[in-house]
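Every heavy atom of this structure was used, including side-chain atoms; hydrogens, water molecules and symmetry mates were not.
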Amino acid sequence: MPDWTYAPAPESAALANLQPAYRPFVDGEFVDGSGEPLKTLNPATEEVLAEVGTAGPDDVDRAVAAARRAYEQVWGPMPGAERAKYLFRIARVVAERARELAVLETLDNGKPIRESRDVDVPTASAHLFHHAGWADKLGYAGLGPDPKPVGVVGAVIPWNFPLLMAAWKIGPALACGNTIVLKPAETTPLTALVLAEIAADAGLPPGVLNVLPGAGDVGAAVVGHDGLDKVAFTGSTDVGKEIQRRLAGTGRRLTLELGGKAANIVYDDAPLDQAVDGVVDGIFFNQGHVCCAGSRLLVQESIEQEFMELLRARIETLRVGDPLDKNTDVGAINSRAQLERITELAAAGDAEGAQRWTSSCPLPDRGLFFPPTVFSGVEQTMRVAREEIFGPVLSVLTFRTPDEAVAKANNTPYGLSAGIWTEKGSKALWTAQRVRAGVVWTNTFNRFDPTAPFGGYRESGFGREGGRIGLEAYLDA
């Protein structure tokens with residue numbers, strides 16, 4: 001029999017154009033930050049990629065002042081059609097430099113190159129293109145006849161989709177006439193800083209976009225700054241609650257996109273092979289580092305055995321390894337702290353009596369990796385069913401009736417997303433109307449389009465990003 005084992009097909013790391021050092025971007029230029037420099041690591045090897053200068057309190061003040069000046073004197077008064085030209089240029093260069101950005105993202109984040117290449121960078125470019133198109137049409141968005149920008153926006157983004165989350169914040173903010181101070185995640189600052197370079201090359205006026213790398217103290221300084229008019233945060237629920245407490249009573253606007261514990265509901269009439277692939281994509285995409293990951297599988301009891309056999313067989317085909325290898329399906333966990341949390345919660349699943357099944361795929365000898373893992377026999381009181389693991393760990397529960405499926409799906413403090421698998425449109429619509437989630441996918445999962453709003457309920461936050469509705473948070477109608 002022929003050996004169909006894949007040979008390694010690594011992308012060249014040299015394409016990332018990695019620099020030995022990166023600096024904060026303030027008022028149209030890269031500056032020496034007054035904070036303590038940090039070293040950003042490649043999670044697949046734990047080797048240092050680059051030294052990154054970080055912002056201190058004075059840098060935050062300078063960035064906010066520059067954003068205010070740019071908003072009042074240049075960007076805010078600029079006609080929408082002119083603003084659109086800058087956004088179109090940035091979007092086009094992101095597309096042109098897609099290969100470089102994808103490799104850099106994979107090196108800094110640990111996600112497989114095929115995800116950076118095929119999802120992250122193209123979707124980031126698409127969001128910038130989409131919002132560029134809105135810049136001169138805001139009066140027709142149904143948000144008032146003459147909507148105005150809110151002013152200066154402070155944005156803090158997470159490490160799981162660094163470039164894409166930057167585009168999600170920058171696109172609507174700039175299209176609506178606001179200026180922005182962006183704080184990327186401590187462990188993944190590189191693509192946001194390259195995006196600042198792209199913006200400068202596109203001629204974006206100084207102060208319109210400012211990028212301040214650093215740890216949590218920099219993020220706290222940004223979101224708590226009195227010179228902001230709005231804060232946009234994507235990250236953990238605990239930090240989101242703290243930001244909400246801090247901004248309460250200040251009059252500053254706030255949107256939060258926080259954690260999730262999404263249910264992926266598989267009915268007995270679902271196309272099983274398609275559903276298996278959807279479940280795999282829902283939880284193992286980006287190593288499970290996805291706020292809307294389908295981390296709870298609810299499968300109808302009558303097909304549980306058949307479905308689980310198919311699911312395990314499919315998971316066994318996943319390749320865990322070098323994120324730069326084009327054959328890799330599951331890359332590296334982003335940080336040692338996150339790997340320790342995944343390990344701790346998986347151990348809690350064992351302790352509480354769930355049955356752990358782990359893929360036999362070998363793990364690399366070095367780097368931060370965790371194998372695809374499935375817990376069956378899960379009860380709703382278990383930590384693996386309640387807490388966001390943010391890793392490649394799937395919890396499986398069963399149900400008998402659609403009412404029970406909805407009840408179990410909604411038995412969570414979160415409400416970001418859900419998936420439904422059935423061949424009956426009426427059943428899909430019935431379920432979607434009752435599941436309390438901001439985004440509900442039917443017979444697919446993890447599909448993002450800049451024309452469609454994204455956001456959650458309850459402890460998954462409030463506000464929407466993307467689409468016409470996503471403009472509302474950045475406008476004073």
query = Does Val384 offer a backbone N or O that forms a donor-acceptor pair with the side chain of Lys261 under 3.5 Å?
reply = yes
message = Can you confirm whether more than 12 heavy atoms, excluding those of Arg447, are under 6.0 Å from its CZ atom?
response = no
query = Do Val94 and Ile198 come close enough that some side-chain heavy atom pair is under 4.5 Å?
reply = yes
request  = Test side chain to side chain contact (heavy atoms under 4.5 Å, CB included) on Val194 and Glu100 and set out the steps.
outcome  = CA-CA 10 Å; Val194 173; Glu100 171 196 345; 4.3 Å; yes
Atom of Arg458, atom of Tyr414 and distance for their closest heavy-atom approach = NH2-O, 3.1 Å
ask   = Side chains of Lys241 and Leu256: closer than 4.5 Å at any heavy-atom pair?
value = no
query = Minimum heavy-atom separation for Leu209 to Ala196, with atom names?
reply = CD2-CA, 4.1 Å
inquiry  = Quick check against the 3.5 Å criterion: does Asp27 have a side-chain atom that pairs as donor or acceptor with the backbone of Ala63?
reply    = no
query = Does some side-chain heavy atom of Asp325 sit less than 4.5 Å from a side-chain heavy atom of Ile113?
reply = no
request  = Heavy atoms only: give me the nearest Ser125-Ala95 pair and the separation to one decimal.
outcome  = OG-CB, 3.7 Å
inquiry  = How close do Val211 and Leu193 get, counting heavy atoms only, and between which atoms?
reply    = CG1-CD2, 3.7 Å
task = Give, for atom CG of Leu138 and atom NZ of Lys148, the distance between the pair rounded to the nearest 0.5 Å.
result = 10.5 Å
query = Are any side-chain N or O atoms of Arg386 and backbone N or O atoms of Thr381, one a donor and one an acceptor, separated by less than 3.5 Å?
reply = yes
query = Shortest non-hydrogen contact from Pro371 to Leu363?
reply = CD-CD1, 3.8 Å
ask   = How about Arg97: does its CZ atom have over 12 heavy atoms from other parts shown lying under 6.0 Å from it?
value = yes
key: Charged tip of Arg336 within 45° of Phe370 ring normal and under 6.0 Å   = no
inquiry  = For the CG atom of Leu228 and the CG atom of Leu254, what is their distance to the nearest 0.5 Å?
reply    = 11.0 Å
key: Residues Ser395, Met382; criterion side chain to side chain contact (heavy atoms under 4.5 Å, CB included); working and verdict   = CA-CA 10 Å; Ser395 299; Met382 294 179 180; over 6 Å; no
task = Apply side chain to side chain contact (heavy atoms under 4.5 Å, CB included) to Asp329 and Phe284, showing your working.
result = CA-CA 8 Å; Asp329 299 295; Phe284 299 121; over 6 Å; no
Side-chain (Ser335) to main-chain (Gln338) donor-acceptor, under 3.5 angstrom = yes
ask   = Have Asp449 and Thr451 got a donor and an acceptor in their side chains that come within less than 3.5 Å?
value = yes
Heavy-atom side-chain proximity of Met78 to Tyr86 below 4.5 angstrom = yes
Identify all side-chain donor-acceptor contacts of residues 150-173 below 3.5 Å with residues at least two apart in sequence or on another chain.
{"residue": "Asn160", "atom": "ND2", "partner": "His289", "partner atom": "O", "Å": "3.1"}
{"residue": "Trp168", "atom": "NE1", "partner": "His127", "partner atom": "NE2", "Å": "2.9"}
{"residue": "Lys169", "atom": "NZ", "partner": "Thr234", "partner atom": "OG1", "Å": "2.6"}
{"residue": "Lys169", "atom": "NZ", "partner": "Glu465", "partner atom": "OE2", "Å": "2.8"}

query = Just by modelled atom types, is the Lys408 backbone N or O under 3.5 Å from a matching donor or acceptor in the Arg296 side chain?
reply = yes
query = Hey, does the side chain of Glu459 reach the backbone of Pro413 with a donor-acceptor pair shorter than 3.5 angstrom?
reply = no
task = Using distance alone, with no hydrogens and no angle criterion, decide if Thr106 and Ser116 have a side-chain donor and acceptor under 3.5 Å apart.
result = yes
ask   = Checking Arg23 side chain against Gly53 main chain: does a donor-acceptor pair fall under 3.5 Å?
value = no
ask   = Between Ser460 (side chain) and Gly259 (backbone), is there a donor-acceptor pair under 3.5 Å?
value = yes
note = Output for pair (Leu368 CG, Asn334 CG), nearest 0.5 Å, gives 8.5 Å
query = Is any side-chain heavy atom of Leu195 closer than 4.5 Å to a side-chain heavy atom of Ile90?
reply = yes
message = Any salt bridge linking Arg253 with Asp229? Criterion: basic side-chain nitrogen under 4.0 Å from a carboxylate oxygen.
response = no
inquiry  = One pair to check against side chain to side chain donor-acceptor pair (under 3.5 Å): Thr40 and Asp108. What are the steps and the verdict?
reply    = CA-CA 7 Å; Thr40 187; Asp108 204 23; 2.5 Å; yes
request  = Could you grab the distance from atom CZ of Arg89 to atom CG of Leu128, nearest 0.5 Å is fine?
outcome  = 14.0 Å
request  = Specify the closest pair of heavy atoms between Gly278 and Asn264, including all atoms of both residues, with the distance to one decimal.
outcome  = O-ND2, 4.0 Å
task = Return yes if some donor-acceptor pair links the side-chain N/O of Asp281 with the main-chain N/O of Asn446 below 3.5 Å, else return no.
result = no
message = Between Ile342 and Pro392, is there a side-chain heavy-atom distance shorter than 4.5 Å?
response = yes
message = Counting C-beta onward and ignoring hydrogens, is there a side-chain heavy-atom pair between Arg117 and Pro122 closer than 4.5 Å?
response = no
ask   = Could you give the distance from CZ (Phe390) to CD1 (Ile333), rounded to the nearest 0.5 Å?
value = 10.5 Å
inquiry  = We want to know whether Asp59 and Ser34 form a side-chain donor-acceptor pair, criterion being a heavy-atom distance below 3.5 angstrom.
reply    = yes
task = Step by step, work out the side chain to side chain contact (heavy atoms under 4.5 Å, CB included) result for Leu416 and Leu258.
result = CA-CA 8 Å; Leu416 188 56; Leu258 308 175; over 6 Å; no
Within-4.5 Å side-chain heavy-atom neighbours: Leu104 and Leu49 = no
ask   = Is the CZ atom of Arg436 crowded by more than 12 outside heavy atoms at less than 6.0 Å?
value = no
ask   = Counting distance only, does the side-chain N/O of Arg383 pair as donor-acceptor with the main-chain N or O of Glu388 below 3.5 Å?
value = no
inquiry  = Taking the six-membered ring for Trp, are Tyr474 and Trp134 closer than 6.0 Å centroid to centroid?
reply    = no
note = CZ (Phe25) and CG (Asn210) are apart, to the nearest 0.5 Å, by 7.5 Å
